[in-house]
Amino acid sequence: MKDETRRMLLKRQTECKQKLERVQVRYGLDEISDEVYQTTLRHLTTEMAEISRGLEEANKNLSNMSKYIDEAVAMSCKLDTLWNSGNFENRQSLQKLIFPAGVLFDKENDDYRTKNENEVFKIFRRLSASYEEEKQKRQPKLFDCRLVSDNGDPNDPESLSRPERRAYYGKALVVVRGNRESGTLTLRAEAEGLPEATLRIAVD
């Protein structure tokens, strides 16, 4: 609404400037009298001043809107901090801000629900979800595989599915099984005091 008002004021300002130029040209060509020129000039000058005040107010509102948006973005980035550090009243205010209709407990599903969510935070949530989805698409697809490690020590209680394994007499074993997809499997071994070793296996 305010943006539409600003556009209308800018249109009126352009029209006033054009009228003023036409009047000045006609006065210069001696097509209108000095009295008519002065009267028209006062009228257009007054109208231009009113338009300028309206534009100043509209721009101030737009500036305030940008400020409020910046504050909302900053707040949405630290909601957990505001909640954890706030007292009961602050948490209540924050809850009312995000969920204007309140939060209700659903006994049947043992969960909380709300009928309404602040539109600003709803937009931020959608943007965040969209960004996370795009981020996941850009990440390289990892080769899915199963790993089993062992060291031959019958007294080792560690699970065979752990990626870390203590060597037994300087030796350890790893078994890797891929899924049905093809790709390159990278196996990296690290041990304190030893150089890192990397093995790449092509899986068809």
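Once rounded to the nearest 0.5 Å, the distance linking NE2 of H43 with CG of L20 reads 11.5 Å. The distance from the CD1 atom of I32 to the CD atom of Q38 is 9.5 Å, given to the nearest 0.5 Å. E50 CD to T45 OG1: the interatomic distance, rounded to the nearest 0.5 Å, is 11.5 Å. A distance of 8.5 Å separates CE of M48 from CG of L44, quoted to the nearest 0.5 Å.
In terms of the side-chain hydrogen bond (donor to acceptor under 3.5 Å, both in side chains) criterion, residue partners of E164 (sequence neighbours excluded) are, by chain and number, R162.
Under the side-chain contact (heavy atoms from CB on, under 4.5 Å) test applied with K11, the options M8, E15, Q13 reduce to a single match, E15. For the side-chain contact (heavy atoms from CB on, under 4.5 Å) criterion with V36, the lone passing option out of T40, T39, D34 is T40.
No continuous path of hydrophobic side-chain contacts links L104 to F99 [ILVMFWY only; heavy atoms under 4.5 Å].
Under a 3.5 Å cut-off, the side chain of R200 and the backbone N or O of T186 do not form any donor-acceptor pair. No side-chain donor-acceptor contact under 3.5 Å links R165 to the backbone of A172.
The hydrophobic cluster containing Y169 also includes Y168, under a criterion of side-chain heavy atoms closer than 4.5 Å among ILVMFWY residues, counted directly or through chains of members.
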**Request:** Take W83 and Q95 through the test side chain to side chain contact (heavy atoms under 4.5 Å, CB included) and record every step on the way to the result.
**Result:** CA-CA 9 Å; W83 180 266; Q95 179 179 301; 4.3 Å; yes

**Check against side chain to side chain contact (heavy atoms under 4.5 Å, CB included), L41 and V23** = CA-CA 8 Å; L41 183 62; V23 169; 5.8 Å; no

**Asked** Where do T14 and L10 land on the side chain to side chain contact (heavy atoms under 4.5 Å, CB included) test, with the steps shown first?
**Response** CA-CA 6 Å; T14 302; L10 287 171; 5.5 Å; no

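When the shell of 6.0 Å around CD of E196 is examined, it contains more than 12 heavy atoms from other residues, nucleotides or ligands.
Listed here is the closest heavy atom pair of I51 and C16: CD1-SG, 4.0 Å.
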